[in-house]
Amino acid sequence: MNVLSLVQSNIRELTAYHVQEVEQSIKLDAMECPWSWPQALLEDWQKGLAEVAINRYPDPRAPQLRACLRDVFSLPDSASMMLGNGSDELLQMLVFALAKSGSKVLAPVPCFSMYEHLSRAWNMEFIGVPLQAHDFSLDMPAMLHAIEQHQPRIVFLACPNNPTGNLFSSAEISTLIAAAPGVVVLDEAYSPYASHFNSLSYLAEEKVIIMRTLSKVGLAGLRLGYMLGTPDLFSEIEKIRLPYNINVLTQYSVEFALRHFSYFQDYVQCILAERQKMLEFLQGFAQLQVWASQTNFLTFRCPDADALFNHLKHQDILLKNLSHQHPILHNCLRLSIGSPQENQHVRAAVQEFYA
Ligand SMILES: *Cc1c(COP(=O)(O)O)cnc(C)c1O
């Protein structure tokens, strides 16, 4: 017997999620926060950490952490909440719960790669509808046509979108929600950086699920995401959630972080100012095409993405090369906004490259 023959063919056709090797000290490839907490905060956190009962299983419901999230983010009581080991895990639970072999999942593309990956892992067909090449906006006729034709069980809309950085309009999102025959997931991983979006009102629709994470505001290592949605659906999904998915260190640490949330708000403000500065810098090069962003990264096109990517690598700076990911991203790079010093290094290296 060949053990490989026991693995389902749809799993065998997948490629494992690839994280590029990091040898650079300026790591701007994954939308992480460039720094840890200030010393005084770190010390407070460490004191409490010593009292966490690592010999005990975590509380599977994490009641304090949930209450804290509801309070800090003013979440409506009427919505049910589920916690995940990163929003990745929530996406996985959701697809698992709604999976039906041969049915469809739809999203505008390019988008976050896990949507397609998880759909295919559960034998669902992924339908990607290309965004418009010039500004990455939705091709609404194509989206509506594809929804009508494929009747997707799930539609994923990242608001704002990764890796393009833009936010689809509220009117378009409403239209797509109305047209969708199944669940619509509004993935708000980057909403802290978006200027004008409040999706909570969409929760009035039973089919809408809102997904959020703390990864893009500085807590990527802790792995905490949450989703909001209708209680009936969530009590079904709850059956497949592994009971201890949020470990004791994460429960304690996120709660601690939320009690110091003003620190995170200051951090977001700093990144927004740095994003504007970087945008204006990149706009200064006739060779570059840069798109405005509602996230903590900028996506831009250059004459030779591989060459600039490698040049920056040699300058100790790691970006994400999107050039070979999708045709409309040809020659595009994605740059996470780092600390002011890191961004200054990037500007110097880009300047040097095009001098
Ligand atoms: C980063 C990202 C996620 C995953 O976040 P985690 O909570 O770290 O798993 C989800 N959706 C989008 C669009 C992202 O960019």
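Both ligands and their constituent atoms are indexed starting at 1 by order of listing.
- Both tests do not hold together for R212 against Y226: distance to the six-membered ring centre under 6.0 Å, angle to the ring axis within 45°.
- Looking at A189 against ligand 1, only its side chain comes within 4.0 Å, counting heavy atoms.
- Of all atoms in ligand 1, numbered sequentially from 1 with element shown, those under 4.0 Å from a heavy atom of S215 are 6 (P), 7 (O), 8 (O).
- For atom 12 (C) of ligand 1, the candidate residues are L222, N162, D187, L219; the nearest heavy-atom contact is made by D187.
- When all heavy atoms of Q132 and I328 are compared, the closest pair comes out as O-CD1, 4.4 Å.
- Remark: aromatic rings of Y267 and F264 are distant, center separation not under 6.0 Å.
- Summary of contacts: the protein heavy atom closest to atom 15 (O) of ligand 1 is Y190 OH, 2.7 Å.
- Looking from atom 5 (O) of ligand 1 to the surrounding protein, the closest heavy atom is S87 OG, 3.2 Å.
- Within the 4.0 Å heavy-atom shell around ligand 1 one finds R223.
- Residue-level proximity to ligand 1 for D88 is carried by backbone and side chain together, each with a heavy atom below 4.0 angstrom.
- Of the protein's non-hydrogen atoms, K216 NZ, 3.1 Å is the one closest to atom 14 (C) of ligand 1.
- Ligand 1 has G86 within reach: a non-hydrogen atom of the residue lies less than 4.0 Å from it.
- A tilted orientation is assigned to the rings of F256 and Y252, their planes being inclined by 30° to 60°.
- Salt bridge status for R61 with E238: present, with a side-chain N to carboxylate O gap under 4.0 Å.
- Residue-level proximity to ligand 1 for M211 is absent, since no heavy atom of it falls below 4.0 angstrom.
- To the nearest 0.5 Å, the span separating CD1 on I317 from CZ on F309 amounts to 11.5 Å.
- A distance of 6.0 Å or more separates the ring centres of F297 and Y193.
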